[in-house]
Amino acid sequence: MAPAGTSSVQTQFKALSSTARLDVLILDGGGDNTPKPSAEGSKDDPTRLSSRRNLYFDEKARITLRLRTSGDEEQLRDILSKVEITLTAHATDAVPQGSGNAASASGKHDLTSRVISGKDVDDFVTSENHIYAIWRPTLHLIRPQIRLQRPAVYFTAYMRISTEALVESKQKAAEYLESFEPLPENILEPLNFDLSFGDGDIYLSESLISKTAPPVGSLQDSVKPIRGASKRAFPIIPALFTRIKYSVLPDTLIASLHLEASRLITGTLTVHDVALDTPHATVENISPLNGPKATKAGDEIVLLYKIKRQTQSDAADSSSVFVHIETTLTLSSTSKIDLDTKWQTKVDLSSLSSRPVYKWSRPLSAGSQQAAGLSFRDAPPPSLPDVEPKVTTSEQGVIFNIIAPATISKDDDLELDIQCINRSDRPRRFALVTLPPKRNPTMDPSNEQMSKRSTEQSKRMSNTFIAEPTQTRRRLDVLDLNPDFRIGPLPPGAIFETKMKFRTLTMGSLDLGALRIVDLDTRRTVDVKDLPDVIVMPEALRTEEVVAEEMPQSE
């Protein structure tokens, strides 16, 4: 006879599933108000527990799994050591029904899942004729990959025999013969009496050739799991909004990470730790938190990071940026919610070169070409104007340093200090020409009525040309006081320094337009648009900002 333990796992689980009920609860206070067992047993009814109203994105939700059954606690502990529970969170779109507040779930999108061992039970609670086994797992509610109009989350769970228990049960069953079953017959037994076959033992089991019915299924399929789910879908809202901006500086990107507490929260959102990392660049935090920061609804924290290339030979133009934020939402003295926000974005690293690159225009061209930056490389010889410029060493070009004060007084003229260093092998001559900023013209208010009448006529008449209304230019920020500015001839290795003067016409940040550098020998030009930022103030401090520009030699 087979020992009693051969199919005890399946038998015990069937007995448990016939009377057990599995519930998924999201309790107010994170499940800490679940009744605890006492020496004489708790008299509290575990079904009368307050539930959460809503959930939050990126929350580490504390779920309460409750298994209700009857019987002995020791027997329940024995079977629970051989089962596992799969807990899954699903995102859905809550669709209102009629004019009431009830809502139904539309569609299902799996968010995350977790497998919990049955032996990791936290509490056993006895109430009247029932015994409750309670688990309190944590599930990270990541943001869904799709956009939902009214996002909500509900949970499902099912309990089944664990894989380890099934494997162990099959191994034990293979060591014994089935009870009350005859041995298979040797269908080749008559050949053992034939002398021509000698004294050999000829054997062929009947079970190898007889027709058998297909198997019913594995133990996993024959035993139905115990299923449970939350009674409703919980609305889920964001507690933290994040965004990132980038500012380009020479050889550096300044990333500003904005953390804004949602206006939908009612408690205190505490930021504990923020980490920003990218694999293709080095990141330096220039405004650390220096401890936890408590914020209310609508408050914003801005953190600054300096991003530089790891090596100048790194040719990656873009890189992934990983942001990890750990926060805690305190709703009351007994209710605290942990949030773990992880998201990924992209950053453009093409501007992170040692010096941004400008290119010479073609000889006698009407326009100019600009690339991202302030480093000018050698152009091809004039005989090959259509060939793309070749990158050479910086020692063969010309360097321009443009220095300007960061702030000036409203009564002072602006002076740009120009420094030209000739690193080429021949004398150079240049002309500097200022170009006004390109701005969208504004329409003269006196012509608005004319424009309206023209529009009405265009509706009644087809194929009729209507002239554009008269337009006026916006006033410039500065007035150039240098009508004809020239440098050279400048011998090889020489340095030339001078000043360019401008009359300020407005207050605030000045738009200096662009500075065109003309090579008088080859008639090639370069337009420098990244000029220093200058602010006109009533009383300004004299601080300087330096912009270095390197120009190639032009044959």
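For this chain, numbers begin at 1 and follow the sequence in order.
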Partners of [X] by side-chain contact (heavy atoms from CB on, under 4.5 Å), sequence neighbours excluded?
| X | value |
| --- | --- |
| Arg114 | Ile116, Pro137, Thr138, Leu139 |
| Thr242 | Leu240, Leu259, Ile325, Trp343 |
| Val302 | Ser256, His258, Glu300, Leu304 |

Less than 4.5 Å apart, any side-chain heavy atom of [X] and any of [Y]?
| X | Y | result |
| --- | --- | --- |
| Pro151 | Pro235 | no |
| Phe400 | Ile487 | yes |
| Ile402 | Ile418 | yes |
| Ile244 | Leu276 | yes |
| Thr434 | Leu515 | yes |

Apply side-chain contact (heavy atoms from CB on, under 4.5 Å) to the pair Thr64 and Ile26, showing each step before the final yes or no. CA-CA 6 Å; Thr64 299; Ile26 313 297; over 6 Å; no

Report the distance from atom [atom1] of [X] to atom [atom2] of [Y], rounding to the nearest 0.5 Å.
| X | Y | atom1 | atom2 | value |
| --- | --- | --- | --- | --- |
| Tyr305 | Tyr246 | OH | OH | 11.5 Å |
| Ile517 | Cys420 | CD1 | SG | 8.0 Å |
| Leu432 | Arg486 | CG | CZ | 10.5 Å |
| Phe155 | Ser230 | CZ | OG | 6.5 Å |
| Leu416 | Ile403 | CG | CD1 | 10.0 Å |
| Arg232 | Ser51 | CZ | OG | 5.0 Å |

Mind listing the closest non-hydrogen atom pair of [X] and [Y] along with its distance?
| X | Y | value |
| --- | --- | --- |
| Leu531 | Gly513 | CD1-O, 3.8 Å |
| Leu520 | Ala431 | CD2-CB, 3.8 Å |
| Ala239 | Leu269 | O-CD2, 3.6 Å |
| Pro405 | Ile408 | CG-CG2, 3.4 Å |
| Asn285 | Ser287 | OD1-N, 3.1 Å |
| Val534 | Ala404 | CG2-CB, 4.1 Å |

Taking atom CD of Gln344 as the centre, does the number of heavy atoms from other residues, nucleotides or ligands within less than 6.0 Å exceed 12?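 Yes, the 6.0 Å shell around CD holds more than 12 heavy atoms from other groups.
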
Report yes or no: does [X] contribute a side-chain atom to a donor-acceptor pair with the main-chain N or O of [Y] at less than 3.5 Å?
| X | Y | answer |
| --- | --- | --- |
| Ser332 | Ser335 | yes |
| Asn422 | Leu490 | yes |
| His140 | Asp340 | yes |

Report the C-alpha separation of Leu331 and Thr266 in whole Å, then their side-chain angles, then the decisive distance to 0.1 Å, and conclude whether the side-chain contact (heavy atoms from CB on, under 4.5 Å) test is met. CA-CA 7 Å; Leu331 300 177; Thr266 57; 4.2 Å; yes

Using side-chain contact (heavy atoms from CB on, under 4.5 Å), reason through Phe234 and Ile236 one step at a time and then give a plain yes or no. CA-CA 6 Å; Phe234 296 85; Ile236 186 167; over 6 Å; no

Show, in sequence, the C-alpha distance, side-chain angles and deciding distance for Thr268 and Lys296, and conclude whether the side-chain hydrogen bond (donor to acceptor under 3.5 Å, both in side chains) test is met. CA-CA 5 Å; Thr268 301; Lys296 297 292 186 179; 2.7 Å; yes

Any chance the side chains of Ser319 and Lys346 put a donor and an acceptor closer than 3.5 Å?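 Not at all, the side chains of Ser319 and Lys346 share no donor-acceptor pair under 3.5 Å.
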
Test side-chain contact (heavy atoms from CB on, under 4.5 Å) applied to Phe502 and Leu479, step by step: CA-CA 5 Å; Phe502 299 87; Leu479 178 64; over 6 Å; no

Holding to salt bridge (Lys or Arg N to Asp or Glu O under 4.0 Å), I want the full list of residues that pass it with Glu59, two or more places apart in sequence or in another chain.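 Salt bridge (Lys or Arg N to Asp or Glu O under 4.0 Å) list for Glu59, sorted by chain: Arg52.
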
What do the steps show when you test Asp521 against Arg429 for salt bridge (Lys or Arg N to Asp or Glu O under 4.0 Å), and what is the final call? CA-CA 7 Å; Asp521 297 327; Arg429 296 186 307 130; 3.2 Å; yes

Residues two or more places apart in sequence or in another chain: which of them pass side-chain hydrogen bond (donor to acceptor under 3.5 Å, both in side chains) with Gln419?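 Residues passing side-chain hydrogen bond (donor to acceptor under 3.5 Å, both in side chains) with Gln419: Asn401, Glu497.
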
Residues which pass side-chain hydrogen bond (donor to acceptor under 3.5 Å, both in side chains) with Thr341, listed by chain and number, not counting sequence neighbours: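 Expected list: Asp58.
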
Tell me whether Arg150 is salt-bridged to Asp93, with the criterion being a basic N under 4.0 Å from an acidic carboxylate O.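 Salt bridge absent between Arg150 and Asp93.
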
Flag the pair Glu260 and Arg243 as a salt bridge only when some basic side-chain nitrogen lies within less than 4.0 angstrom of an acidic carboxylate oxygen.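 A salt bridge is present here (some side-chain N lies under 4.0 Å from a carboxylate O).
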
